[in-house]
Amino acid sequence: MLVPPPVHGDRPPGDADAPDDRVTVAVITRDRRDSLLHTLDELGTLPERPPVIVVDNGSDDTTARALRHHPSGARVLRPGENTGALGRNLAVRRAATPYVAFSDDDSWWSPGALRRAADLLDAHPRLGLLAARTLLSPGGAEDPLNAVLAESPLPAEADLPGRPVLGFLACACVVRREAFLAAGGFHPVLFFGAEETLLAYDLTAGGWGVAYEPSLTAWHAPAPGGRHGRSPVIRRNEVLTLWLRRPVGLALRASARLAAAAVADRPGARRALRELLERLPAALARRRRLPARVERAAGLLETGAEHPPPGPEEAERHGR
């Protein structure tokens with residue numbers, strides 16, 4: 001049974017400048033010291049003064065030294081290897097707050113966004129994840145994913161804010177810690193890249209709501225140059241997600257398309273197919289079909305929306 005979380009802290013009502021102890025910010029990083037330090041600087045200006053946990057996915061000593069001397073006072077976890085998206089799982093387990101916001105080492109939150117997210121999560125006890133509106137830095141252009149999420153064809157749900165979705169951008173979302181842990185967090189078979197959709201499936205299958213709320217704003221400063229097609233990792237994980245949760249027929253057809261692309265020697269397809277085959281036994285061992293209601297929602301996104309389901313290709317923006 002889902003029950004409302006307790007109200008935490010001593011927050012004066014309506015005081016937008018008061019610290020707020022309901023949300024921890026979890027940041028994963030690997031060998032991007034300067035970008036990470038900028039993110040920590042931005043997080044340090046937030047009126048909420050959130051605790052920050054940084055998971056250092058095997059960066060060099062320069063990053064470690066810089067973190068030791070940064071005024072943010074971030075708690076640093078060093079798993080000793082590159083844990084990919086699973087670093088977020090480590091941070092959530094260590095967090096002492098009911099909610100956790102994710103940033104990457106090139107993203108941060110607007111002032112007041114974390115307080116607004118916590119208020120919404122307090123008010124909607126079934127809400128498991130809030131996807132924010134993402135603006136690109138510098139300049140503030142809209143991330144194209146915003147429109148995809150806003151146009152989700154999934155019907156509104158009375159006990160959820162915003163727009164129900166089955167995808168999000170990992171570096172611009174806030175999760176209920178209880179829901180995230182109950183769903184198992186980000187999946188080890190995927191490791192990193194296009195990991196969002198599977199988590200959205202698992203949260204929804206567990207009865208939790210996943211919603212896009214444009215009143216929350218996060219900033220993202222992806223590396224210059226943009227994307228040049230889907231990476232092999234993204235293609236691999238799109239197909240693995242089908243094998244993990246979706247009907248066999250869908251997974252077989254997607255695998256066949258990838259195999260055909262590999263035979264045609266399309267860029268990255270051979271690597272994607274090789275890595276798919278390497279990970280497929282683990283995916284099959286962990287295969288769990290979605291409940292019928294979630295499968296119907298996934299199918300509606302695929303057949304009833306102008307755009308493809310949100311999440312997978314957008315992950316390449318911040319791949320590591």
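We number each residue from 1, following the sequence as shown.
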Next item on the list: Test side chain to side chain donor-acceptor pair (under 3.5 Å) on Asp106 and Ser35 and set out the steps.
Entry: CA-CA 6 Å; Asp106 58 359; Ser35 180; 5.5 Å; no

To the nearest 0.5 Å, tell me how far [X] [atom1] sits from [Y] [atom2].
X: Leu190; Y: Glu196; atom1: CG; atom2: CD; result: 10.0 Å
X: Leu203; Y: Leu129; atom1: CG; atom2: CG; result: 6.0 Å
X: His220; Y: Ser137; atom1: NE2; atom2: OG; result: 10.0 Å
X: Leu136; Y: Asp143; atom1: CG; atom2: CG; result: 5.0 Å
X: Arg296; Y: Leu154; atom1: CZ; atom2: CG; result: 12.0 Å
X: Leu284; Y: Leu240; atom1: CG; atom2: CG; result: 9.0 Å

Evaluate the side-chain proximity of [Y] to [X]: yes if any heavy-atom separation is below 4.5 Å, no if none is.
X: Arg115; Y: Arg22; answer: yes
X: Arg94; Y: Leu77; answer: yes
X: Tyr99; Y: Leu114; answer: no
X: Pro47; Y: Pro111; answer: yes
X: Arg245; Y: Leu198; answer: yes
X: Leu135; Y: Thr217; answer: yes
X: Thr134; Y: Asn146; answer: yes
X: Leu166; Y: Val210; answer: no

Tell me, please, which residues at least two apart from [X] pass side-chain hydrogen bond (donor to acceptor under 3.5 Å, both in side chains).
X: Asn89; value: none
X: Glu157; value: Arg126
X: Thr24; value: Thr97
X: Glu295; value: Arg246

Given the rule that I, L, V, M, F, W and Y join up when any side-chain heavy atoms are under 4.5 Å apart, are [X] and [Y] in one cluster?
X: Leu252; Y: Val263; value: no
X: Val174; Y: Leu160; value: yes
X: Ile28; Y: Val233; value: no
X: Val76; Y: Leu43; value: yes
X: Phe191; Y: Val55; value: yes

Considering residues at least two apart in sequence or located in another chain, which fulfil the side chain to side chain contact (heavy atoms under 4.5 Å, CB included) criterion with [X]?
X: Ala251; result: Leu242, Trp243
X: Ala85; result: Arg88, Phe186, Phe192, Glu195
X: Asp31; result: Ser59, Asp60

Between [X] (side chain) and [Y] (backbone), is there a donor-acceptor pair under 3.5 Å?
X: Ser107; Y: Asp104; value: yes
X: Asp56; Y: Arg78; value: no
X: Thr39; Y: Asp105; value: yes
X: Glu48; Y: Pro19; value: no
X: Arg177; Y: Arg93; value: yes
X: Asn237; Y: Gly193; value: yes
X: Glu213; Y: Ser215; value: yes
X: Thr45; Y: Glu42; value: yes

Checklist line | ring-ring contact (aromatic ring centres under 6.0 Å, His included) partners for Tyr212, two or more places apart | finding: none

Next item on the list: Answer yes if the ring centres of Phe180 and Phe102 are under 6.0 angstrom apart, and no otherwise.
Entry: yes

Notebook entry, point to check: What pairs meet the ring pair (Phe, Tyr, Trp, His ring centres under 6.0 Å) rule with one or both residues in residues 31-54, with sequence neighbours excluded?
Noted result: His38-Trp108

Check: Is a salt bridge present between Arg133 and Glu142, judged by a nitrogen-to-oxygen distance below 4.0 Å?
Finding: yes

Looking at [X] and [Y], what are the two nearest heavy atoms and their distance?
X: Pro79; Y: Leu90; value: CB-CD1, 3.9 Å
X: Arg176; Y: Leu121; value: NH2-O, 2.8 Å
X: Val100; Y: Ala95; value: CG2-CB, 3.8 Å
X: Ile234; Y: Ala194; value: CD1-N, 3.7 Å
X: Trp219; Y: Ser110; value: NE1-OG, 3.0 Å
X: Gly162; Y: Pro164; value: O-CD, 3.9 Å

Next item on the list: Check step by step if side chain to side chain donor-acceptor pair (under 3.5 Å) holds for His124 and Asp159.
Entry: CA-CA 6 Å; His124 299 86; Asp159 61 342; over 6 Å; no

Please table the atom pairs, donor to acceptor, closer than 3.5 Å between any side-chain atom in residues 63-71 and protein atoms at least two apart or in another chain.
from: His70; atom 1: ND1; to: Ser72; atom 2: N; distance (Å): 3.0
from: His70; atom 1: ND1; to: Ser72; atom 2: OG; distance (Å): 3.1
from: His70; atom 1: NE2; to: Asp41; atom 2: OD1; distance (Å): 2.8

Check: What residues, two or more places apart in sequence or in another chain, satisfy salt bridge (charged side-chain N to carboxylate O under 4.0 Å, His left out) together with Arg270?
Finding: Asp265

Next item on the list: Can you run down the salt bridge (charged side-chain N to carboxylate O under 4.0 Å, His left out) pairs that involve residues 277-291, sequence neighbours left out, and say none if there aren't any?
Entry: Asp202-Arg288

Next item on the list: Kindly determine whether Val52 and Leu40 satisfy side chain to side chain contact (heavy atoms under 4.5 Å, CB included), including the steps that lead there.
Entry: CA-CA 8 Å; Val52 178; Leu40 294 178; 4.0 Å; yes

Checklist line | Step-by-step salt bridge (Lys or Arg N to Asp or Glu O under 4.0 Å) determination, Arg49 to Asp21 | finding: CA-CA 8 Å; Arg49 296 291 187 267; Asp21 62 355; over 6 Å; no

